[in-house]
A.B. asks: 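Provided herewith is a single structure, encoded as structure tokens, for subsequent inquiry.
Because the structure is a prediction, the values reported are computed rather than measured.
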Amino acid sequence: MDLIARLRAGLPGEAILTDPDVTGSYAHDMASFCEAGTPAVVVLPRTVEQVQHIMRTATELRIPVVPQGARTGLSGAANASDGCLVLSLVKMDRIIEINPVDRIAVVEPGVINAVLSRAVNEHGLYYPPDPSSWEECSIGGNIGTASGGLCCVKYGVTAEYVLGLDIVLADGRLLTTGRRTAKGVAGYDLTRLFVGSEGSLGIVVRAVLALKPEPPGQLALAAEFPSTAAACEAVCEIMARGHAPSLLELMDRTSIRAVNDMAQMGLPDSTEALLLAAFDTPEPAADLAAVGKLCTAAGATEVVPAETAAESDLLLQARRLTLTALERVKSATMIDDVCVPRSRLAEMLDGTAAIAEKYGLTIGVCAHAGDGNTHPTVCFDAADPDESRRARESFDDIMALGLQLGGTITGEHGVGVLKKEWLARELGPVGVELQRGIKDVFDPLGILNPGKLF
């Protein structure tokens, strides 16, 4: 019995896609410079039992399986390999439970981040992780790459909100990890092991997520600086003085110019860096005033605090438009997510500017400045082979710079195909050996998302 016939024994016909014109649309995520193969079949299960059937079939036939969510990733982690089975979890999209007493939500992996966020808001609760693609990305994908977002500076990343998981292992067995309780230290923390594993250890089919009380509405300020060094000094002072902003974002000159060109935001041409801070504390105006003084002391030429939520939204609009604006500069972009210690943030931004000059490219940087997570965006003409080469080389130089500054090659996008060579450099040979050993325990046949991470 062949692959398709075996799949049909446990799946409805509409869950199995074999038309090459259709399956080809599932071949890759949103990453540039990442090879993608041609899948043999795409399956869209709706139940845990169907996922178990798929994995038992794949194990019996030694078929590689590439798990996918919404395919908004930027590292090629969801890219198909030739002859693989693409396991798309988008149809498993139920919010099973929202429990205000225990402050948890139980969800399937295909639930969209924004859908969950709005649903828990109705109960006076808050799910903090908010990737920029939150209107499209799925919780399963967020778990797979340990996604972050704008609010990480105060609330942390996805890993800090995953209490427990149901996982279908490579051989079809169902593993339950973690807990529903506020505390728990029984055994090894297998839950945390799966978060950020990019589908290489098992298939997430259910997640228990921690929730927080919904915070008050936030107020924001914008501060203009004559240099990135001055803006980064302000960031360091804000954090060193013990402030807890709900958002602390930075845009460099290139990003500011791109947004100005697209949306006529009216930011002065002399602005070399724009720092955006927000607070969702009981007295945000007082917090903004204190931070505003620190910005002025660091050299800000203008500090504009908002007095209302509507004014805050206007101030934050430039940051939200950054990627769209940079995508208009050239036909293609490569978005990096190197994270460095906050104290080295200025060196990271200045070093990236030097790399842009070295390769004759436009590279705009926006950053989750409060946690040191930078997003250098390389703009290039994909139809120009030489410019594409320079783009890829500049991308590598940016990652090397991040490691040199004591940082990491990825703060929230994951490794996938794009950065697996750099993962080995960051971990070192002993680290790689141990991580490969862990994968062998969970996936001895190597069928789960082969070619990713290592």
A.B. asks: If you look only at distance, which donor and acceptor atoms sit under 3.5 Å apart when one is on a side chain in residues 284-302 and the other is two or more places apart or in another chain?
C.D. replies:
{"unit_1": "Asp287", "atom_1": "OD2", "unit_2": "Thr281", "atom_2": "OG1", "d": "2.5"}
{"unit_1": "Thr296", "atom_1": "OG1", "unit_2": "Gly292", "atom_2": "O", "d": "3.1"}
{"unit_1": "Thr301", "atom_1": "OG1", "unit_2": "Glu224", "atom_2": "O", "d": "3.3"}

A.B. asks: Can you list the residues that meet the ring pair (Phe, Tyr, Trp, His ring centres under 6.0 Å) rule with His375, with sequence neighbours excluded?
C.D. replies: His368, His413
A.B. asks: Any ion pair linking Arg390 and Glu393 (charged N to carboxylate O, less than 4.0 Å)?
C.D. replies: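 Arg390 and Glu393: not salt-bridged.
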A.B. asks: Among residues at least two apart in sequence or on other chains, which ones pass side chain to side chain donor-acceptor pair (under 3.5 Å) with Arg342?
C.D. replies: none
A.B. asks: Would you mind checking if Glu108 and Lys91 are paired as a salt bridge, meaning a charged N to carboxylate O distance below 4.0 Å?
C.D. replies: no
A.B. asks: Not counting sequence neighbours, which residues clear ring pair (Phe, Tyr, Trp, His ring centres under 6.0 Å) with Phe380? List them please.
C.D. replies: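 Phe380: ring pair (Phe, Tyr, Trp, His ring centres under 6.0 Å) contacts with Phe33.
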A.B. asks: Name all residues meeting the side chain to side chain donor-acceptor pair (under 3.5 Å) criterion together with Ser138; count only those two or more places apart in sequence or in a different chain, and write none if there are none.
C.D. replies: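 For Ser138, no residue satisfies side chain to side chain donor-acceptor pair (under 3.5 Å) once neighbours in sequence are set aside.
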A.B. asks: Report the residues that fulfil salt bridge (Lys or Arg N to Asp or Glu O under 4.0 Å) with Lys419, sequence neighbours left out, ordered by chain and then residue number.
C.D. replies: Asp336, Asp337
A.B. asks: Does anything in residues 113-123 pair up under salt bridge (Lys or Arg N to Asp or Glu O under 4.0 Å), and if so which pairs, sequence neighbours excluded?
C.D. replies: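 For residues 113-123, and leaving out neighbouring residues, the salt bridge (Lys or Arg N to Asp or Glu O under 4.0 Å) pairs sorted by first residue read Arg118-Glu135.
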A.B. asks: Would you please name every residue forming a salt bridge (Lys or Arg N to Asp or Glu O under 4.0 Å) with Asp396, sequence neighbours left out?
C.D. replies: Arg392
A.B. asks: Run the ring pair (Phe, Tyr, Trp, His ring centres under 6.0 Å) test against Phe194 and tell me which residues pass, sequence neighbours left out.
C.D. replies: Phe442
A.B. asks: Enumerate the salt bridge (Lys or Arg N to Asp or Glu O under 4.0 Å) contacts for residues 236-248, please, sequence neighbours excluded, ordered by first and then second residue.
C.D. replies: Glu237-Arg241
A.B. asks: For Tyr26, what residues pass the ring pair (Phe, Tyr, Trp, His ring centres under 6.0 Å) criterion, not counting sequence neighbours?
C.D. replies: none
A.B. asks: For Asn99, enumerate each residue passing the side chain to side chain donor-acceptor pair (under 3.5 Å) test, keeping only those at least two apart in sequence or located in another chain.
C.D. replies: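 Only Glu97, Asp102 meet the side chain to side chain donor-acceptor pair (under 3.5 Å) criterion with Asn99.
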